[in-house]
Amino acid sequence: MPAYRPEEIEKKWQAHWKAHSTFRTENHSDKPKYYVLDMFPYPSGAGLHVGHPLGYIASDIVTRYKRLRGFNVLHPMGFDSFGLPAEQYAIQTGRHPALTTEKNIETYVQQLSSLGFSYDWSREVRTSDASYYKWTQWIFLKLFNSWYNLDADRAEPLTELTARFAATGSEGIRAAGDDGDRLSFSAGQWALFSEKQKLAAVLPYRLAYQQDTYVNWCPGLGTVLSNDEVKDGLSERGGFPVERRLMPQWNLRITAYADRLLQGLDQLDWPDAVKEMQRNWIGKSIGAEVTFPVLSSEYSVLSSETKADEAASLTTQYLLPNTEIKVYTTRVDTIYGATFLVLAPEHELVDELTTPEQRAAVDEYIAATKRRSERDRMTDVKAVSGVFTGAYALNPVNNEPVPIWLADYVLAGYGTGAVMAVPSGDQRDYLFAKHFNLPIPAISDAQQGLDQQADPTKEGRYINSGIINGLTYKEATQKLIAFLEEKGLGKGKVNFRQRDAIFGRQRYWGEPIPIYYKDGTAYGIAESDLPLVLPEIDEYKPTETGEPPLGRAQDWLYKGKYPYELSTMPGWAGSSWYYLRYMDPTNEARFVSEEAEHYWGSVDLYMGGAEHATGHLLYARFWYLFLKDLGLVSSNEPFQKLINQGMILGRSNFVYQMWMQWQTIPEEELHFPQIYVSKSFKEAMSQNSEEFKSSEKYASYLAQIDEIISRTRAKYPHLKMSLMRHNAPTGEYAYFSKFHVDVNHTDNDVLNISAFRNWRNENRNAEFILEEDGTFICDWEVEKMSKSKHNVVNPNILIDKYGADALRLYEMFLGPLEQYKPWNTNGISGVSGFLKKFWRLFHPEDGPLALTDEPATPAELKVLHRAIQKAQEDIEKFSFNTSVSLFMITVNELTALKCHKRAILEPLVLLVSPYAPHLAEELWQELGHKAGSISTASYPEFREEFLVEDTVTYPLAINGKVREQMQFAAAATAAEIETAVLASDFLAKHGEGKSAKKVIVVPGRMVNVVV
RNA sequence: GCCGGAGUGGUGGAAUGGUAUACACGAGGGACUUAAAAUCCCUUGCCUUCACGGGCUUACGGGUUCGAGUCCCGUCUCCGGUACCA
């Protein structure tokens, strides 16, 4: 075997692994199990760029390492193959999304295979396969047929709920969700209900339920989106505007699990940032719900003098019966400072409360709010807007009348859709009060600067606060809640920011929701009729009547007569449980067999991007908890350890073009010569100092420009051109435009001028002002890797040139896995050189394998065992970049030692094998082992005794500054060392004549003399 | 605003409170070669010095410590998340 040829050995081993199913994993083993999972990729048409495999490489290293350490490792890969891009493409081209998806997956599989990942491809799943989504639909039916029993704090089958209805009616049932939507009835009434009435009564209890919901409607995509699919008021995919709309929707009752999703985070080995994001997303707050009675319109019309006179009879004479406003507050202690109420414009009482005088203003405000898109509301946070309804409510603690306002800063969907405004304690309320000239009374003796802003302090004692005057925060809160509870006007309450998850999409390329309608009532289809297969349609657009694309399906009816639900499931449906299917991917009888589920349990290591923090990771946990409630899975959480690999950013290159003034000559087909200037030229010209302008360099630059201009004039005599000089406002000599240049046309920022000329037609005749050494240097910047920035690096090209092993090593070498870091292709030559050096340890001078069986020297053993120790430590803490450095140091040292000994190099092959599996497999075979067997070998054993030294070199420092080194026996005691240092001439040489005050000896480390 | 995270050479980065800048890229010099590629050797944080050496340096300012990139307090900058959530 001659020189290291990755292109040969990598193909060879990839074919071998495939042909021999080397990485096929069994569901039973005497070995302990370990489950390593990569986040489910959506197979996009663009294929992988160099940033995508980062996490896959890391997880593959862990996988291969764990195999060497004696684990039975499950390491699967599959595709989240339903999704918007394929469908958008289908709308444009008429090409079936299934075909596009299939083709994209092929590309992915090819690319992943060429990186040498050790996936068990026999377990591959695709969410768009009916054999997979059959079970996604099955889980949906389980949700549809379950309710959440708050007393048991778990989901239960609906049959248990209906049994209780039959026995005792709706009385005493505590279920997650909004009781306002539910009927109350006795067992007798239940018995008399028709089937339709029964289903209607049960619907608001289901974990998958249909309801009119305010949704993020995206007209550009023709569908609704969930909150995490909307960024800054635009759709995450496609960037289309999104607006609020009330529509009937399928929802999943994730809020039933809010508290358990929150509690469960504490046991997880996840990045704190992700856990914190989930906590914020769930948004638990502890506060109180307080009821404000409402005054009748007779009160509103009183003159201000009469209002004062009537103060005593408010609660008797003017109280509006059966009407009250509930507000939610986390600061019930500030209630005496509540000088007005604010309702969301959508609040159900708005119509009833508005007085005739205010009707026009209120209607106008509500209309304006509707017109304002979500995006406007977000970008326009500072602007205060609102309107007075004309009505008043009574503050329940002091019976003071407070005006009721509307404002869009109050959200209909949170709490009760109404707040008590405490302008002295809440900045929003403060701004509102200032704007509308409402009073801002202080409520605590610790509040400060109320003429400028609100002060939400909990310090100090209450003032102007009736029964809590003089109390502290804690005392006041307790007293008020007790007071309100006694009067039946309030109670302590926990609120969550998290909303139920909207589960329908008005799109084609997704799982059909297994629901049909009979007489307008929703029924789940029978489990035995699953899968409900996605029907073929003629076009992938909504119907003329505005129904989702599935409305186009011909004769698509349940049992030949009942229409199906026309929306499909969102992208996150299939990805919420895929990791379970990998355990038993072809089971036709169950979503995963009990046996497989018990063996594999939960995912031990989950690798993926941080962008899934609040979407996928929350939904998947929710589905897992639900399945657990039904006794279908056995762990507490699906993903024990999570690592977010950082994004690899692009390193963009730029050229500067000088602005010229042209007189165009349309009749001639002329490509004007653009003038591009090298980096240092642009920098010099932009610095704009008088000193520079009088320099020789400046003169030479001007001469170069003039030269180009005259040369161009000679070439194109009709063309009039001049440099745009002297930018008056800034005084700069010239203007420059900055353009991205394809990074494939540069090497170490040096532009390949001919490639650049050919890249774009308008550059054909470009002129270049070069550096003194004749090169053209581009500027650079770190940006996200994207096509439009021309900084995308394709891994296939690098694999062709350097090999997959080099790419794997280099991606790891770039820096800590979790960090964001820029890609720079140049560095790959370093790891490529390392692999060649490693090869040469086995094949001196790239000749045939030439290893000796001589016993290893202590120096060689030390190098080896330090490597074993550190490689192991690094991989256990996912510090892959330092392992690669370690391998480089090890190989450098063994090369220097001219070590070609089997005893040292054979274990080294094992150490490197998780990182560079092809090279390792090749050498392993050359060493005489069975082909393809390195993944079933055992990791070399670390032996401490080879690291023990006879002597230790100590740095000697004076006052912490190192001055000299001194050797001591490893066994020397601190006292012996101290004596020896003081006896030496160390102090005389460096002590500036001072005497030693104190000597600190850290055994094995260093000596510090304090003078 | 709030919640996370990070600031170390020209670049990516390393460093259980114990010799800061390992490893690699880039750059400079040299060897081999007709030449190129490949490979090998030397130099490479900054300032100062012919040199030996000396001084400075981990965003900035303080502190704790015999000793701080690492711990504590304050400030600045950048990145990510999130936001009228009552």
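Every chain is numbered from 1, with letters handed out A, B, ... down the list of sequences. Since we're looking at a predicted model, the values are computed, not measured. Just so you know, these numbers use all the heavy atoms, side chains as well, and skip hydrogens, waters and symmetry mates.
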> Does A:Gln819 put a side-chain nitrogen or oxygen below 4.0 Å from OP1 or OP2 of B:G5?
no

> Looking at B:A24, I'd like to know if its phosphate oxygens (OP1 or OP2) sit under 4.0 Å from a side-chain N or O belonging to A:Asn824.
no

> Considering only distance and modelled atom types, tabulate donor-acceptor pairs under 3.5 Å from the side chains of residues 276-283 of chain A, sequence neighbours left out.
from: A:Glu276; atom 1: OE1; to: A:Arg279; atom 2: NH1; distance (Å): 3.0
from: A:Gln278; atom 1: OE1; to: A:Arg621; atom 2: NH1; distance (Å): 2.8
from: A:Gln278; atom 1: NE2; to: A:Ala613; atom 2: O; distance (Å): 2.7
from: A:Arg279; atom 1: NH2; to: A:Asp266; atom 2: OD1; distance (Å): 3.3
from: A:Asn280; atom 1: ND2; to: A:Glu276; atom 2: O; distance (Å): 3.4

> In residues 952-963 of chain A, what donor-acceptor pairs under 3.5 Å come from side-chain atoms, sequence neighbours left out?
from: A:Thr953; atom 1: OG1; to: A:Gln967; atom 2: NE2; distance (Å): 2.8
from: A:Tyr954; atom 1: OH; to: A:Gly1004; atom 2: N; distance (Å): 2.6
from: A:Asn959; atom 1: OD1; to: A:Val1011; atom 2: N; distance (Å): 3.2

> Between the side chains of A:Thr882 and A:Ser879, does any donor sit under 3.5 Å from an acceptor?
yes

> Would you mind reading off the distance between A:Asp749 atom CG and B:C25 atom C1', rounded to a whole angstrom?
12 Å

> Answer syn or anti for B:G12, where the cut-off is 90° from 0 on the glycosidic torsion.
anti

> Does a side-chain N or O from A:Lys836 land closer than 4.0 Å to OP1 or OP2 of B:U39, or not?
yes

> Sort and list the pairs that fulfil side chain to side chain donor-acceptor pair (under 3.5 Å) and have at least one residue in residues 809-822 of chain A, not counting sequence neighbours.
none

> Could you pull out all donor-acceptor pairs under 3.5 Å where a side-chain atom in residues 996-1003 of chain A meets a protein atom, sequence neighbours excluded?
none

> Just to be sure I understand the rule, does A:Pro271 reach a base, reach only the sugar-phosphate, or reach nothing, if contact means heavy atoms closer than 4.0 Å?
nothing

> Counting only side-chain nitrogens and oxygens, does A:Tyr414 get under 4.0 Å of the OP1 or OP2 atom of B:A86?
yes

> Specify the residues of residues 1004-1011 of chain A, ordered by number, for which at least one heavy atom lies under 4.0 angstrom from an atom of RNA chain B.
A:Arg1005, A:Met1006, A:Asn1008, A:Val1010

> Scan A:Ile889 against the nucleic acid and name what it touches under 4.0 Å (heavy atoms): base, sugar-phosphate only, or nothing.
sugar-phosphate

> Quick one: label A:Val962 by what it contacts on the DNA or RNA (base, sugar-phosphate, nothing), any heavy atom closer than 4.0 Å.
sugar-phosphate

> Mind checking ring pair (Phe, Tyr, Trp, His ring centres under 6.0 Å) for A:Phe880 and listing every partner two or more places apart, or none if nothing turns up?
none

